[in-house]
Structure formats: structure tokens, C-alpha cells
2 protein chains.
Amino acid sequence: MNVPTIQTFDCGDCPIRHRAVCARCDSDELEALDAIKYYRTYDAGQSITWSGDRMDFVGSVVSGIATLTQTMEDGRTQMVGLLLPSDFVGRPGRDTAAYNVVATSTVVMCCFRRKPFEDLMSRTPHIAHRLLEMTLDELDAAREWMLVLGRKTAREKIASLLSILARRDASLRPEKDSNRRVFDLPLTREAMADYLGLTLETVSRQVSALRKDGVIELEGKRHVTVPDMGRLMEEAGDDSDGGGFL
Amino acid sequence: MNVPTIQTFDCGDCPIRHRAVCARCDSDELEALDAIKYYRTYDAGQSITWSGDRMDFVGSVVSGIATLTQTMEDGRTQMVGLLLPSDFVGRPGRDTAAYNVVATSTVVMCCFRRKPFEDLMSRTPHIAHRLLEMTLDELDAAREWMLVLGRKTAREKIASLLSILARRDASLRPEKDSNRRVFDLPLTREAMADYLGLTLETVSRQVSALRKDGVIELEGKRHVTVPDMGRLMEEAGDDSDGGGFL
DNA sequence: TCCTAGCCTTGACCCAGATCAAATCGGACC
DNA sequence: GGTCCGATTTGATCTGGGTCAAGGCTAGGA
């Protein structure tokens, strides 16, 4: 499978380096982007966007983690995307949000007002291209996830999620030992369940089982050590490199 | 939810009118597209693309139906997309296919060699924009499907699929009675199962159940009549209009 | 220090959908 | 018409994961 490179860009004074929308842009274009950008902070649990609401900005996550969810009338909810630093939020060309976006931790967003962003986009082909690439990556991620949701067992689902989180985390900070990974779970058991199409009880049981079997080690409830990524990816049912992203 | 308009365009001598990649293009641009396009026919069951293979064209489906699937080593497979006439296949900027694409019926594709298409794309912003829109629609479709896969019951899954097929079919041919729909199932029970993350037996049972309950009528095994789309969408667990596409 | 509120874990039991097995249907081909 | 084969239906049984219920762990507040 295809593991897209983490989307990061340097937009001047954002606290992290990332090259998302403005990779390859020249300085004029960057200046134009700078002119319409602003920052906004959301507290953990706060809603960034509510499905159906008017949405007059697009932007990318600078720090923190947000989730993209859909809900049925009876309350069943499914997470359809996990937004990590550098991920893009919002859809140019549409003025209402299609999903609920909720901050899981404190989230800082680098926002662009939608109209000026769209204007800029139609003037600078780079940006449209970049956005196309990012969208295609997201599409691949969504499709990979369809396989997880439709055909994997609970244990494989958990292993898949851990493997993705471990790899996304690893691409943020350089690792020495390529086989060992250490990271903090950014999600509650309930959020994991919503991502995996499971119940929180099943998530809890399977995490315990993986711990018992030595696939992972836990320190507290959130701090995870993966002694052997290969083993984890086997558990996930992934072949060679375990098509991951998101 | 958002029901994207069917992507169709008129590319000169294609047997159907569609406005996919070249909507809004002027005549010069159309001519440039014409210059690099060619047609190719695939028989039912024939593979159009094999995951991991080199892919040197992109294109859109002119007629027939193809499926986009992912497979695990042990044979479990999940359909991740259904390609109906006018849908776009292939990813500009990547030279290997990410999925298996298989013709379900005889399929005619309007292809563009990838390199010239990419060149053309970088010269004509319209096309990149159009592609971005189409990709965003597909992403919405994939995410909608994640909700189906992750949280719906077997009966709701079947109803969701039928509702999507009925609506996509309806947007191809004009309908008088907006409540009634008649169409042919383009998929075997097994393909439906692969789409829905079920087994073919369960698909068969639930289709029978929906027939018994008067939600649909069957003539033979493939010809479906939906007497009341509202009822069907209720069964699908969809609110108002039942987020559709694909 | 204790209390409280979220999380999280674990156990007991149940059921929707998987699995295994057997017909039946329908079209293509002789 | 008859045979064959793949697609479909239907039945019987099994089981992974859902549901319900009872504690446990930890951080923050008083």
C-alpha cells in the first residue's frame, strides 16, 4: 500500500513546520496566503464545525488532534477521519460543512477565509494541485479504512489503528530503532470504538488481549510501547508494510 | 447529505454525454484532450487494473460498470468504489495502481495516456479544478460508506446500497414519478456482499426480507422495482434524503 | 484527606450475521 | 429437450462482538 508522506509546510510563523497547501509556492504566493490567514484555538471537546452549518473558512491543523465524524439520527456515530497536525479541513467550493469536526485535545488551526482562499486557488495552480494531491491521499486513506471496517476482526482493527497511529507519530519525530515505537494514544476508548465501528468494551478487551500477548506494552492507559512493529502489522492483517496513513 | 450531480461530459464522439474532466473547457482545451484520448473495451470479468501494477493511463467509464476492490492476503476482499458511466479512474501523479479495478459488465473506457494528461492538466487549471471537485465528491462518498460499513445493520446496508443504485440510475434517465424507481441490479450477490462487508448468504436473505416486507419488488433476480423511495431510505437509516452518490 | 466524575476494565449472557450444507433456478450450449 | 454450471436461495448451527451490569483507577476540587 501507499503511505503518503506527512503533509507539512512552513507557512511563516506557524509553530510547526509543515508543507501542506503552499508546498512549492513562490514567495509572492506565500505572501498572499499569509495575508488571508489567521489562527484560532479550540479547547478539548469543543466543536470546530457542525454538519450542515455554514462554514466560511478552510485551514489546516497546526497542533492538537481533531476528529471528523458522522452521526445517524439514533445516535450511532462513525468517525470518518482523524485530523492530525498538518491535515487540511474544509472543502473549497462548498459553503456548508459535511461533517462534525470536534477537537479531541486543544487544537490550533491555521485558517484561511474561504472566499479569498478560493480566489487565490483559482489564480495559483500550485495550490489547486497541492490540494488535489492531499485529497487523493485522503481518499486512499478512506478506502483503506473501508477494508478495515468491512472485513477485519476486532483484534485486527485495533492493531490497524495502533499501527497507523504509531507510524504517523513516527513520521513527526525521528526514530532511531525502526522496529520499536513509543507514543501516546490521542483517543479515548470510545473514540477508538467510533473509529473502528466497535463498542468501547470490545476495544478495551482487545487492547488488553494485545497487551497480554506481548504485542504492545502499556504504561497507564494511554502510553503505548510497540516492541516490534512487524509483529503489530502482522496482527493488523496487513501484508508487507501495512497500507497506512491517516 | 450531499448528493453530487452525476459527472458527465461531452467529449466529442463518446457514445454518452458526460461532463467530467472537461466541463467548462473551451474548444482548444477540448481539442487537446481529444488529441490524447483513445477507447478501450473490457469484457465482463476482465481486470482493468491490478493493484501494484504500472498504470500508464487515466480515463473515465463511458459505459458498463466496474468495481474497485482491495484484497487481503487471505482472500477477504472489500469493494471500495463502484465505477459507473462517467466516473474517473486513475490517479494523476502516481504511476502504479492502488486498487484492483475489474469490469463487472462489458466496459468501454475513454482513456488518456497519463503523461500527456498530466502535462495538459498542469497547463489548464480547469481540468485540475474539475478533478479536485470530482475527487472531493468521491471522498464524501467513501466517508458516507464508512458509516454504512461501520455502523449499519445488514438490512440497512442492503437498503443503503439499493437506494444509492436507484438514485444513480435515476439521474441517468429522467423519471416521471419521483417516488417510484425501476432499475437492474448491476452486481451479483457476491459483489454486493463485498461492497457491504457481508457474506453473499446474508445479502440474499436480506434482499428476500425486503421483498417480503414490500419495500422492493423483484422480477427475476436482478430487476428491481422500488415502489416508494421514501420507505427505502427510511429502511436505510438515512435521514431526509439519504446521503448518496457512488 | 476524602469525594466525585470521567474513563476504563472485566464478567455474564445474548443475538445478528457468519459458516456449513443442500437444494433450486436459469441460461448457454449441445 | 437435456445437461451443465454458475448464481441464488434457504436451512441449521455456531460464534464474535454487542449489551447489560458491576467495579476499579485517577485527577481535580473542597
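Note that the structure is predicted; figures quoted are calculated from it, not measured. Below, chain A is the first sequence line, B the second, and so on; all start at residue 1.
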Using whole Å, report how far CD of B/E190 lies from P of C/dT19.
13 Å

For the backbone of A/S204 and the side chain of A/S208, can you confirm whether one donor and one acceptor N or O come within less than 3.5 Å of each other?
yes

Atom pair distance, as rounded to whole Å: CZ in A/R155 and P in D/dG17
11 Å

Give the rounded distance in Å between these two atoms: CG of B/L218 and P of C/dC25.
15 Å

Could you tell me how far apart B/Q206 (CD) and D/dT10 (P) are, to the nearest whole angstrom?
12 Å

Any side-chain N or O of A/S204 under 4.0 Å from OP1/OP2 of C/dT10?
no

How would you label the contact of A/G45 with the nucleic acid (heavy atoms, under 4.0 Å): base, sugar-phosphate, or nothing?
nothing

For the pair made of CZ in A/R211 and P in C/dC8, what is the distance, rounded to whole Å?
14 Å

B/D194 and side-chain hydrogen bond (donor to acceptor under 3.5 Å, both in side chains): which single residue from B/T77, B/T199, B/T67, B/T71 fits?
B/T77

Under 3.5 Å donor-acceptor, B/K152 side chain and B/A236 backbone
yes

Pick the closest DNA chain C nucleotide for B/G220 and for A/V207 by heavy atoms, then say which residue is nearer the 5' end.
A/V207

Out of C/dT9, D/dT10, D/dG17, which nucleotide sits closest to the side chain of B/S208?
D/dT10

Between C/dC25 (C1') and B/H223 (NE2): distance, integer Å
19 Å

Taking only side-chain N and O atoms of B/R205, does any of them lie within less than 4.0 angstrom of OP1 or OP2 on D/dT10?
no

Is the shortest side-chain N/O distance from B/T199 to OP1 or OP2 of C/dA18 below 4.0 Å?
yes

Distance check needed: D/dG17 C1' versus A/R189 CZ, whole Å only.
17 Å

If the cut-off is 4.0 Å, is A/T202 near the phosphate of D/dG18, judged by side-chain N/O to OP1 or OP2?
yes

A/L200 near the nucleic acid: base, sugar-phosphate alone, or nothing, with a heavy-atom cut-off under 4.0 Å?
nothing

Per the atom types in the model, does the base of C/dC20 pair as donor or acceptor with the side chain of B/E201 at under 3.5 Å?
yes

Run the side chain to side chain contact (heavy atoms under 4.5 Å, CB included) test on B/E201 and B/Q206 for me, step by step, so that the C-alpha distance in whole Å, both residues' side-chain angles and the decisive distance to 0.1 Å come before the verdict.
CA-CA 9 Å; B/E201 293 96 328; B/Q206 297 297 338; over 6 Å; no

Tell me the interatomic distance from A/K152, atom NZ, to D/dG16, atom P, rounded to whole angstroms.
18 Å

CG on A/L200 to CZ on A/R205, rounded to 0.5 Å:
9.5 Å

Position toward the 5' end of DNA chain D (nearest nucleotide), B/T188 or A/V203:
B/T188

For D/dT8, does either OP1 or OP2 sit under 4.0 Å from a side-chain N or O belonging to B/R222?
yes

